[in-house]
Protein chains: 2
Amino acid sequence: MKNIEKKAFEFCIANKERLTLPRQLVLKIIARNKKPLKAYDLIDKLRSRLVNIKPPTVYRALDFWQKHNFIHRIESLNAFCICSEDKLHKGAQFIICNSCGEVVESDSCNLPKIIDEFLKKNTFKPLKWNIEINGICQNCS
Amino acid sequence: MKNIEKKAFEFCIANKERLTLPRQLVLKIIARNKKPLKAYDLIDKLRSRLVNIKPPTVYRALDFWQKHNFIHRIESLNAFCICSEDKLHKGAQFIICNSCGEVVESDSCNLPKIIDEFLKKNTFKPLKWNIEINGICQNCS
DNA sequence: TCTCCCTTGATAAATAATAACATTAAAACA
DNA sequence: TGTTTTAATGTTATTATTTATCAAGGGAGA
Ligand SMILES: [Zn+2]
Ligand SMILES: [Zn+2]
Ligand SMILES: [Zn+2]
Ligand SMILES: [Zn+2]
């Protein structure tokens with residue numbers, strides 16, 4: 001998982017953003033966790049590295065990485081996971097196993113055609129979107 | 001908006017469910033509101049009709065109607081709206097205007113093909129899904 | 001060094017949801 | 001009808017999640 005850290009480092013250099021300790025640690029912990037993490041799980045895990053860590057610090061780091069497409073928020077879980085795609089994308093889709101909790105992302109660069117048609121019918125200009133599918137994964141079925 | 005109340009009444013008869021006062025009022029208020037309502041907005045609106053209304057009462061009614069597909073929860077807004085479809089459906093999609101807050105539902109009886117293929121590739125059995133699209137509506141553009 | 005600006009620290013509060021147990025009342029049954 | 005059973009609500013308290021606000025720190029450029 002060094003990859004994501006390298007990517008983050010290079011991103012910050014290129015965009016003159018500061019790779020502060022809270023940001024580094026938040027990203028690293030999310031990246032190393034197989035499953036999405038809730039904000040307070042993250043806080044617990046950070047406690048050993050950042051004394052007296054408080055929610056705002058974590059939420060700020062989460063906002064930062066979200067804004068720059070390094071992580072996503074899974075709305076139906078109130079949890080955060082690493083973006084598994086290498087490029088910026090306006091929409092993401094997640095399949096979430098109800099049994100084991102595993103989450104897999106696949107980006108959707110373009111909205112499915114049937115949705116696109118619905119948007120056209122409503123003259124609606126999409127900016128970002130989120131697709132969360134609950135079900136049973138291969139391992140659990 | 002009498003329709004939804006009639007539908008609810010008939011549903012409860014047919015399924016031997018109880019159409020209690022909290023349930024009635026919660027459904028009615030959501031139905032009469034053009035925009036999705038947050039749980040605590042609902043509580044405020046209920047205060048005049050149900051003395052000493054408390055969160056659990058409202059959340060129970062919300063769970064009830066959600067379970068029976070009369071309302072949906074918009075995950076990205078923490079808010080609830082009436083289901084605009086007449087049939088039970090496993091998935092729903094919402095377009096949410098970032099400017100005026102209007103939300104429009106269209107059911108998606110079937111998942112878009114491109115998503116379906118992704119699920120097949122992952123041997124994932126979908127049970128329910130949720131698609132939320134943010135953007136700008138016709139009125140606001 | 002000084003200043004500006006971004007980031008974090010710290011305190012507090014707002015917002016959202018649930019747990020647990022008591023009470024009530026409708027439904028089921030004898 | 002009277003009794004039992006079940007489901008829903010009432011009540012109190014707590015937990016979970018997120019944000020607001022202002023003070024303090026620290027790096028980059030003048
Ligand atoms: Zn992604
Ligand atoms: Zn699974
Ligand atoms: Zn619906
Ligand atoms: Zn609008």
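As the structure is a prediction and not an experimental result, all values here were calculated from the model. In what follows, chains are A, B, ... by sequence order, proteins preceding strands, each numbered from 1.
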Counting C-beta onward and ignoring hydrogens, is there a side-chain heavy-atom pair between B/E102 and B/Q138 closer than 4.5 Å?
no
Length of the CZ-C1' vector between A/R23 and D/dG27, whole Å
13 Å
Does a side-chain N or O of B/T57 approach OP1 or OP2 of D/dT9 to a distance below 4.0 Å, or not?
no
Between D/dT17 and A/K38, is there an OP1 or OP2 to side-chain N/O distance shorter than 4.0 Å?
yes
Between B/L62 (CG) and D/dA8 (C1'), how many Å, whole number?
15 Å
Considering only heavy atoms from C-beta outward, does the side chain of A/L62 approach that of A/L42 to under 4.5 Å?
yes
Could you state the atom-to-atom distance from CD1 of B/I53 to C1' of D/dT12 in whole Å?
15 Å
Rounded to whole Å, the CG-C1' distance (B/N52 to D/dT12) equals 11 Å
Check whether any side-chain nitrogen or oxygen of B/T20 sits under 4.0 Å from OP1 or OP2 of D/dA8, and answer yes or no.
no
Within this structure, what is the OH-to-P distance between B/Y59 and C/dT15, rounded to whole angstrom?
12 Å
For B/L19 and C/dA25, what is the distance between atoms CG and P respectively, to the nearest whole Å?
17 Å
Would you classify B/P22 as touching base, sugar-phosphate or nothing, given that sugar-phosphate means primed atoms plus P, OP1 and OP2, and contacts are heavy atoms under 4.0 Å?
sugar-phosphate
Which of the following nucleotides, D/dT17, D/dT12, C/dA10, is nearest to the side chain of A/K54?
C/dA10
Considering every strand and a 4.0 Å limit on heavy-atom distances, what is the contact class for A/R60: base, sugar-phosphate, or nothing?
base
Measure OH/B/Y40 against P/C/dA13 and give the value in whole Å, please.
17 Å
Decide whether B/H72 and B/E105 meet the rule of one side-chain donor and one side-chain acceptor closer than 3.5 Å.
yes
Integer-rounded Å distance: D/dA7 P and B/F64 CZ:
13 Å
Within 45° of the six-membered ring axis of B/F80 and under 6.0 Å from that ring's centre, is NZ or CZ of B/K38 located there?
no
Starting the side chain at C-beta, find the nucleotide from D/dT11, D/dG26, D/dA8 nearest to B/R18.
D/dA8
Flag side-chain contact, heavy atom, 4.5 Å: B/F9 against B/K6:
no
Any idea which of C/dT7, C/dG9, C/dA10 is nearest the A/P56 side chain?
C/dA10
